[in-house]
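Take a look at the structure set out below.
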Amino acid sequence: MTDRTGAAQRVLGGDLYTRIKQCKLLVVGAGGIGCELLKNVALAGFQDIHVIDLDTIELTNLNRQFLFQQQHVGQSKAKVARESVLRFNPSLSITAHHANIFEDKFSLGFFEQFDLVMNALDNLKARNHVNRMCLAANKPLIESGSAGYLGQVTVISKGKTECYECQPKPPPKQYPACTIRNTPSTIVHCIVWAKFLFSHLYGEADHENDVAPNPDDPELSADAKDSNTAMDEKQDGEEKRMNTRQWAESNDYDPQKLLEKLFVRDVIVLLSLASLWKKRAKPRVLDLSQINTAQDTHAKQEDVLPDQKLWTVQDCVDRFLHSAGELKKRFQACAPGDYLTWDKDDDVAMDFVCAAANLRAYVFGIPLKSRFDIKSMAGNIIPAIATTNAVVAGLILTEAMKVLRGDIDSCKAVYLSRTAMGAGRRVVNPVPISAPNPKCYVCGERAQVTVRLDPSRVTVETLAEQLLKKDLSLVAPVVVLASGAEMIAAPEDEEEEHILKTKVYPRTLASFGIRDGTACSVMDDMQANFKLSLVFRQADEHDPDTPYEIVADTSTAANNDGNGVGDGDEGDEAERGASSAAAEKRKHSPSPPPPTTTTTTTTQDVGDGTTTTTSDALADKTPAKKSKA
Amino acid sequence: MSSLDAAEATQYDRQIRLWGLEAQKRIRAARLLVFGAGGLSVETCKNLVLAGVKSLTLADDTPVTARDLTAQFFLHPDDLNKNRAEATVPRLQALNPKVEVSAVTGLKPTQLTADAVANYDVVIVTDALFQDVAAVDDLCRSQGVKFYYGLSLGFFGFFFQDLNHHDHLVEKKSVNVDDASTSELVSIDFASWARVLQHNFKGTRRRSLPHLFLVLRAFHQWQASNPLPQGVTPELLEHVARVFAASGVDENTVNSDFVERVLMSTHAELCLATAVVGGVLSGEVIKAVSGKGEPLNNCFCFDGFESDGRVFELGTAQDDSDAASSTAAPPVQEEAIVEL
């Protein structure tokens, strides 16, 4: 038998070679970085590999996820990746889990069986989770990410390095509800509105949120009476009492009527709020009789992809009517309680958002965008390429060699850039990894988060769903009051979940005795050993758009990443910068290596990551959602 | 250039969102000739076939050995003794049926003619000695063909690119979300490999020296007449010192630990370096054929012990040998990933 790794053994040295062979390895993610990584670990001599991925293979993965081919579309990434790797090294043991990392079976005990964990993930939520599991199991974790031409690898070792959540992530851009509902000024505002329109009309019924003109705009407070009077005049009594969802229901979701309401009548209402237009251009009503002749002319459109051609306003109207007609059929075919969810790869849903966003842009005098561009923004697509992923997966191995040598101290955070950076002219730049942040609410010894809110106005639902699950990435939060009573318990079954959501969620925090200075313990039923102390401070005012504020003196690691989780286009997001590419540019400073402590001013770092952040904001960020107006 | 069909638009969707349709069309027109079917080569080829070049011809004359299996993932244990290119090509082809992938045997880089070279846009030479590729580069220069030379060993890797006179677009990130992004046309003149080999490092500070380049050069000269020793010998160190001195580098700069690391790395390719060097190299080919993005000028050295990958501009006017490292123009901010 030929010893394929005989030569490798000589290069690596016997010790390291043996450690690789004996290392039981977990790879989380078999997407863009994951495919490259599985190839590398198989070649490097790892013998016992587990891989977890929830996803199935899509056509748009094939430009970079080289373990998959056309005939694999629709199949499990983890399973096909396993088969492909075994083809070039049949002697390996690879266990493929076509499953969600949040499933119960990936318990602390599951993580404890491994010697090393490598992340090749596509979203913040899963990264946070694996980070916490590895800290709890005390297993070294190699974290990675890529976005476009930029990539990043770092090592996380409990107590020795900062953890994934030691530094705050830049929060995604948020848009005030009033901008979205009343005064959009960019195409992004229109896209946010259109996506929100979709979920408002066809999504889970939520009568508190609306896309219609918002009379509670602070700009209107001075002449609120006039405004309301104006709105009264423009809307008949019945329409005024209904939100857009109810209005659509009462009109049988008729596409033509919907078009007229959204782009004619609602615009007339907005125009009546005169103070909004003192300093900005007035919107124009979509004149359905005029647009047939008012074709927008766009030169030089021949040599582009069909999706890159700009739609005329008439195209938008046609597509709106058509997609709204399709969605009506689908929605009305839903079982009671069922609803539609938006997906950028669903052509009808994408058409609807593209048409609605462009029509709104037309109304507000904002330049229209192609379906191709709107898909990027609405779908939160982080473009990913094979070359970057390949480099990142190689760098995961260089760092893994140091981990296996037991030399965590020499591990680096490594950044890939597109051009040579700094005096050292580095394209691959190793920088020292920061020490743990003692105030980190995940790995710090006294993990504490202070939140400022009005307990008489904020509900348990907001606390659980927004603050704990979204902002702090808990999976199954448990909140225990100082009395020992559980305010929020992790539901064991559907009945308990129902009770939690119907009986506990609507209550205010004040009804549980929470007031200024109250502290309670937060644990996670899924994330072993995770524990933090949550301290409440009384807020002076209650703003429905931002019902709470995480106070910055402890770890502000509350990445208000409403979506993080992405868009179903894991391949792409998977390869997203581990802590966003913005952080990378900052660290990518001239040699000698930059300071080890990173500042928290990441949001100001206008690197390539900025676009990532901005597009993040679009995925699920529907600012009007928090509005209780 | 003709437009992409719907299937291509879907397959290449993500990269078109990154580098644009024009760049994709140029990539789709590129014809590549690659010498050597080892680990670095196959990493490079994989990325370029995935990116959707027009054609890729893989030339190799050697049989598959166990040593190939450490980093050449398209070779299987049952491929032993087959021709490396012929064994590799079907698996490379499977990555992207739209690319014309073919194998050539019996062709060495040194046998290339001007006519043969003119059939390609890019020539990539791997698995060759430093002293053997200057003529190939000159030939490519004469035909306006982009030339790459790369090698990977253990934890280390190196490549050189010669784009001769190269015009490329650098995108300026637009501040205003609704502005169309603006591009600037920039030209670079590359040095030939022959000029690189003549580079004199006199006066270059130690930390600005391409140690890997110098040690590899010494090894390759040694290999012209003798196999490398199993371990570092005084003779080898003396030889390295002589090569350093001949390039204007103080002999005391030779670090025997580093020489030993590189020497041990000659036993096999490791994927940790082939992935990084092949990834950066193929990224450079994409930049070059698409005319988009600032190329790395002109040598890239990777050290996998340190996870360190640096660019050295060698073979340009002597007086800037040091200045080039310390006062090089700051990289231009480029590429809006998603136009917002």
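Convention: sequence-line order gives letters A, B, ...; per-chain numbering from 1.
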Can you tell which part of A:Q70 gets under 4.5 Å to a heavy atom of chain B, answering side chain, backbone, both or neither?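 Neither part, no heavy atoms under 4.5 Å.
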
Between A:F68 and chain B, with a heavy-atom cut-off of 4.5 Å, which part of the residue counts as in contact: side chain, backbone, both or neither?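 Neither; nothing under 4.5 Å.
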
Check against side-chain contact (heavy atoms from CB on, under 4.5 Å), A:K375 and B:R17: CA-CA 10 Å; A:K375 187 171 177 177; B:R17 288 179 195 278; 3.5 Å; yes

When B:N96, B:I16, B:I286, B:D13 are compared by non-hydrogen pairs under 4.5 Å with chain A, the top option: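 Answer, by heavy-atom pair count under 4.5 Å with chain A: B:I16.
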
I'd like to verify something: which residue of B:A94, B:A9, B:A51 has the highest number of heavy-atom pairs under 4.5 Å with chain A?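 The answer is B:A94.
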
Ignoring hydrogens, what is the shortest heavy-atom contact between [X] and [Y]? Give both atom names and the distance.
| X | Y | answer |
| --- | --- | --- |
| A:K39 | B:A275 | NZ-CB, 4.4 Å |
| B:M264 | A:R10 | CE-O, 3.8 Å |
| B:C271 | A:A44 | SG-N, 4.2 Å |
| B:G283 | A:T387 | N-CG2, 3.6 Å |
| A:V428 | B:S307 | CG1-O, 3.3 Å |
| A:A8 | B:L270 | CB-CD2, 4.0 Å |

Are [X] and [Y] within salt-bridge range, i.e. N to O under 4.0 Å?
| X | Y | result |
| --- | --- | --- |
| A:K412 | B:D308 | no |
| A:E58 | B:R14 | no |
| A:E36 | B:K46 | yes |

Do B:Q11 and A:T60 have side-chain N/O donor and acceptor atoms under 3.5 Å apart?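 B:Q11 vs A:T60: no donor-acceptor pair found between side chains.
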
Interatomic distance, [X] atom [atom1] to [Y] atom [atom2] [nearest 0.5 angstrom]:
| X | Y | atom1 | atom2 | result |
| --- | --- | --- | --- | --- |
| A:D303 | B:L4 | CG | CG | 9.5 Å |
| A:L62 | B:Y12 | CG | OH | 10.0 Å |
| B:E8 | A:N63 | CD | CG | 12.5 Å |
| B:Q15 | A:R64 | CD | CZ | 9.0 Å |
| B:K287 | A:Y149 | NZ | OH | 8.5 Å |
| A:Q65 | B:L95 | CD | CG | 12.5 Å |

Run the numbers on A:F66 and B:L50 for side-chain contact (heavy atoms from CB on, under 4.5 Å), then give the verdict. CA-CA 8 Å; A:F66 83 106; B:L50 288 170; 3.8 Å; yes

What part of [X] is in contact with chain A, defined as an atom under 4.5 angstrom from a non-hydrogen atom: side chain, backbone, both or neither?
| X | value |
| --- | --- |
| B:F302 | side chain |
| B:E269 | neither |
| B:Q24 | neither |

A:V391 side chain reached by B:V280 side chain, heavy atoms, under 4.5 Å: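 Side-chain contact under 4.5 Å: yes.
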
Is there a side-chain contact between B:W19 and A:I385 (heavy atoms, below 4.5 Å)?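 Yes, side chains in contact.
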
Begin from the C-alpha positions of A:M401 and B:F155 and carry the test side-chain contact (heavy atoms from CB on, under 4.5 Å) through to its verdict. CA-CA 10 Å; A:M401 295 303 109; B:F155 285 85; 4.1 Å; yes

On the ring face of B:F312, is A:R425 found with NZ or CZ under 6.0 Å from the centre and within 45° of the axis?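 No, a cation-pi geometry is absent between A:R425 and B:F312.
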
Assign the ring pair A:F88 / B:F73 to parallel, tilted or perpendicular, where the plane angle (0 to 90°) is split at 30° and 60°.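 A:F88 and B:F73: tilted rings.
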
Pick from A:I396, A:V392, A:T388, A:L395 with the largest number of heavy-atom pairs that fall under 4.5 Å of chain B: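 With the most close heavy-atom pairs to chain B, the winner is A:L395.
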
Short side-chain to backbone donor-acceptor contact, B:R310 and A:G424, under 3.5 Å: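 At least one qualifying donor-acceptor pair exists.
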
